[in-house]
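The structure appears right after this line, and notes come after that.
Worth knowing before you read on, the calculation uses all heavy atoms, side chains too, and leaves out hydrogens, waters and symmetry mates. Below, chain A is the first sequence line, B the second, and so on; all start at residue 1.
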Amino acid sequence: MALTQARTMPGVLELLPLDQVAFQAMLDAIRRNFERFGFLPIETPVMEYSNVLLTKQGGETERQVYFVQSTGALQAAREGEVPELALRFDLTVPLARYVAEHEHELAFPFRRYQMQRVYRGERAQRGRFREFYQCDIDVIGKDGLSVRYDAELPAVIYNVFRDLDIGPFTIQLNNRKLMRGFLERLGLSDAERQGAVLREVDKLDKRGLDAVRNTLTGDGFGIDAAAVAQLLDFVGFRSRSLAEALARLDVLGGGNAALEQGREELAEVLTLIRAFGVPESHYALNLSIARGLDYYTGTVYETTLNDHPQIGSICSGGRYENLASHYTKSKLPGVGISIGATRLYWQLREAGLLKAAHSTVQALVAQMDEAELPRYLELATELRAAGINTEAVVEPGKLARQFKYADRAGIRFVLVLGPDEIAKGTVTVKDLRKQDQFEVTRNELAATLRVEIEQAAVMPSR
RNA sequence: GUGGACGUAGCUCAGCUGGUUAGAGUACUGGAUUGUGAUUCCAGUUGUCGUGGGUUCGAGUCCCAUCGUCCACCCCA
């Protein structure tokens, strides 16, 4: 019989168990910090009604969305009709729907976190996925929302990445109003054109100064060289300290309301971030950060690893003035930030920044003598009661095989209980990671293992 | 969505201008005497050379098609 090739579609990340443990540890760290800052969990369905999801017709999102159709509906559907359901492509649009739907049951400011998979029908490439986890936090206000929240989110992000222990990183900030005001002062007032210019400026780090200058002065944009020079000089700024950032904002000069407001907001946010406990070394003003998404209206964020700029942004977000205008007449401003956990994990693994993964199974009770199986099971039960994740070997086999199994499965401790140990009332503990073994009495066993495990948790070995 | 490269064991690849039964490393399996993995030594298994057609005495190698994968752009986590 012909076999079907077992395979997954491109652009999905499927992990072996030990890698999955590492990935979940990452999610745990993210969740822990989200909760520590007082964010509440929600989950929304992977599928939404197409008309809810695709409120703004056309454009990138529609090109990338996966449609879903039940078999019955598929047959009934007429040619060219949009299927009734679609997979969510981010968590922000479902959040908007959720807030509009439950508006009268929620407490505002509504602080929620959400860690779920989203789907994008992109052509898969290195580090780009069709199915991936997003870990989002947003604060949604009713009618208004203080800009102070814009300073709180970087504090959460700082704590997350510090916990993940992946090396030095910088949260980079900018403000859309400031950019809009500046472009207006240069004579660029058309919103669409401004967006295109900002997207181009955003590529500064990737394409280089000359390429961006040529594009902006070229036929497509046709901006005069003097204005482009002014613009590039402006966006080239990166602060190295809070004082430097504030000084730069001071000398910007005024000219219009948007620029003034952007300046004030940025100054307040930058100053408050410090008060929220983020060291100055971990955030900066970067006037080239623009974010492509056009729903951002104020503060925008991007986070990068200092030693691995090629990885790009590992966490992005910003301020939006009206989250759910498509679903409710209420004005719901918000600020949010998103960690692409799947890409982050993948990039960290590629860059060799992940610590060695260990099994969630902490101890394996070996089977020396099949007749003693009840004794082994009893030992395992005892360890589990003491909070140690324990597996007992239930099939008879050579001891060497059992050790090999433990090694491959990433289990750290193998417990040997043979005739000698039974006679003495002890257990032999082999620590596969330390390549060492010792003997303890049976009543000391659980406590001894716990000490070893806790030490490893404090100082993880690689 | 637009443009470009590449498809040979599970993985990484070699295979010179077409020439015998298609190779290496790694992985995997077994063994190296009685209760010890990873390291070392020995032995072994693994392939419709992506698929279909064509040229040729002869195709992994050349040509065409097709499918698949990857890369760049677009966009983004």
Side-chain angles (χ1 to χ4, degrees), chain A residues 2-3 5-11 13 16 26 30 58-65 88-92 114-136 157 195-196 199-200 202-203 206-207 211 215 290-296 301-304 311-318 336-348 356 364 366-369 372 393 396-422 427-439:
Chain A
L3 297 172
Q5 192 188 355
R7 60 183 193 133
T8 56
M9 59 182 265
L13 183 68
L16 292 172
M26 201 175 96
I30 295 170
E60 279 303 310
T61 48
E62 189 155 17
R63 207 186 83 195
Q64 295 196 335
V65 81
R88 60 174 173 226
F89 52 85
D90 71 5
L91 299 178
T92 306
Q114 190 170 355
M115 301 169 54
Q116 293 192 274
R117 288 199 259 214
V118 302
Y119 298 84
R120 287 187 197 172
E122 317 200 46
R123 203 164 287 178
Q125 263 174 54
R126 285 177 81 73
R128 320 194 55 167
F129 295 90
R130 289 171 163 175
E131 177 188 69
F132 60 94
Y133 272 90
Q134 283 197 327
C135 305
D136 281 28
I157 294 311
R199 272 197 296 280
E200 205 51 45
D202 206 40
K203 294 174 192 159
K206 193 174 176 185
R207 296 188 56 201
T215 308
R291 311 291 313 126
L293 293 173
D294 45 5
Y295 58 76
Y296 293 125
Y301 315 97
E302 253 175 37
T303 305
T304 49
I311 287 180
S313 176
I314 54 174
C315 170
S316 321
I337 204 158
S338 176
I339 302 172
T342 304
R343 179 187 273 182
L344 176 62
Y345 171 83
W346 191 88
Q347 300 274 33
L348 293 176
L364 180 75
Q367 187 179 129
M368 273 297 309
D369 176 4
E372 297 290 353
V393 177
K398 289 170 86 172
L399 200 59
R401 285 196 73 84
Q402 300 181 35
F403 272 90
K404 199 167 183 173
Y405 167 77
D407 183 51
R408 296 191 52 165
I411 302 169
R412 183 175 165 193
F413 295 106
V414 177
L415 310 180
V416 180
L417 192 53
D420 298 351
E421 287 87 356
I422 292 172
V427 176
T428 295
V429 178
K430 172 119 182 188
D431 185 336
L432 297 194
R433 206 170 303 160
K434 285 187 181 169
Q435 307 181 22
D436 189 25
Q437 81 177 42
F438 55 90
E439 211 173 322

Side chain Q402(A) and base U36(B) donor-acceptor under 3.5 Å: no
Using only heavy-atom distances, decide whether a donor-acceptor pair under 3.5 angstrom links the side-chain of E421(A) to the base of G35(B). yes
With rounding to the nearest 0.5 Å, note down the distance linking [atom1] in [X] to [atom2] in [Y].
| X | Y | atom1 | atom2 | result |
| --- | --- | --- | --- | --- |
| T428(A) | L415(A) | OG1 | CG | 9.5 Å |
| I339(A) | L344(A) | CD1 | CG | 7.5 Å |
| C315(A) | R343(A) | SG | CZ | 12.5 Å |

Can you see if the side chain of [X] gets near the phosphate of [N] - specifically, an N or O under 4.0 Å from OP1 or OP2?
| X | N | result |
| --- | --- | --- |
| K203(A) | C73(B) | no |
| R408(A) | U29(B) | yes |
| R401(A) | G30(B) | yes |

Closest to the [X] side chain: [options]?
| X | options | value |
| --- | --- | --- |
| Q134(A) | A77(B), C75(B), U36(B) | A77(B) |
| A400(A) | G37(B), A77(B), G35(B) | G37(B) |
| P10(A) | C70(B), C75(B), C76(B) | C70(B) |
| Q64(A) | C75(B), G35(B), A77(B) | C75(B) |
| R128(A) | G37(B), C75(B), G35(B) | C75(B) |

With a non-hydrogen cut-off below 4.0 angstrom, is [X] in contact with a base, only sugar-phosphate, or nothing?
| X | value |
| --- | --- |
| R120(A) | base |
| D420(A) | base |
| Y133(A) | nothing |
| S313(A) | sugar-phosphate |

Stems in RNA chain B, runs of 3 or more consecutive Watson-Crick or G-U wobble pairs with both distances under 3.5 Å, sorted by first number, are B:1-7 with B:67-73, B:10-13 with B:23-26, B:28-32 with B:40-44, B:50-54 with B:62-66
pi-stack flag for F132(A) and A77(B), centroid dist under 5.5 Å, interplanar under 30°: yes
Dump the pairs, protein N or O against N or O of nucleotides 32-34 of chain B, anything under 3.5 Å, distances to one decimal.
none

Taking side-chain hydrogen bond (donor to acceptor under 3.5 Å, both in side chains) as the test, write out the residues that go with Y119(A), two or more places apart. E131(A)
Could you list all N or O pairs between the protein and nucleotides 38-46 of chain B that sit under 3.5 Å apart?
{"from": "A38(B)", "atom 1": "O4'", "to": "D407(A)", "atom 2": "OD2", "distance (Å)": "3.1"}
{"from": "A38(B)", "atom 1": "N1", "to": "Q435(A)", "atom 2": "OE1", "distance (Å)": "2.9"}

Shorter than 3.5 Å, N or O on both sides, protein versus nucleotides 1-9 of chain B: list them out with atom names.
{"from": "U2(B)", "atom 1": "O4", "to": "R123(A)", "atom 2": "NH1", "distance (Å)": "3.0"}
{"from": "G3(B)", "atom 1": "O6", "to": "R123(A)", "atom 2": "NH1", "distance (Å)": "3.4"}

Can you pull out every salt bridge (charged side-chain N to carboxylate O under 4.0 Å, His left out) where at least one residue sits in residues 402-415 of chain A? Sequence neighbours excluded, please. R412(A)-D431(A), R412(A)-E452(A)
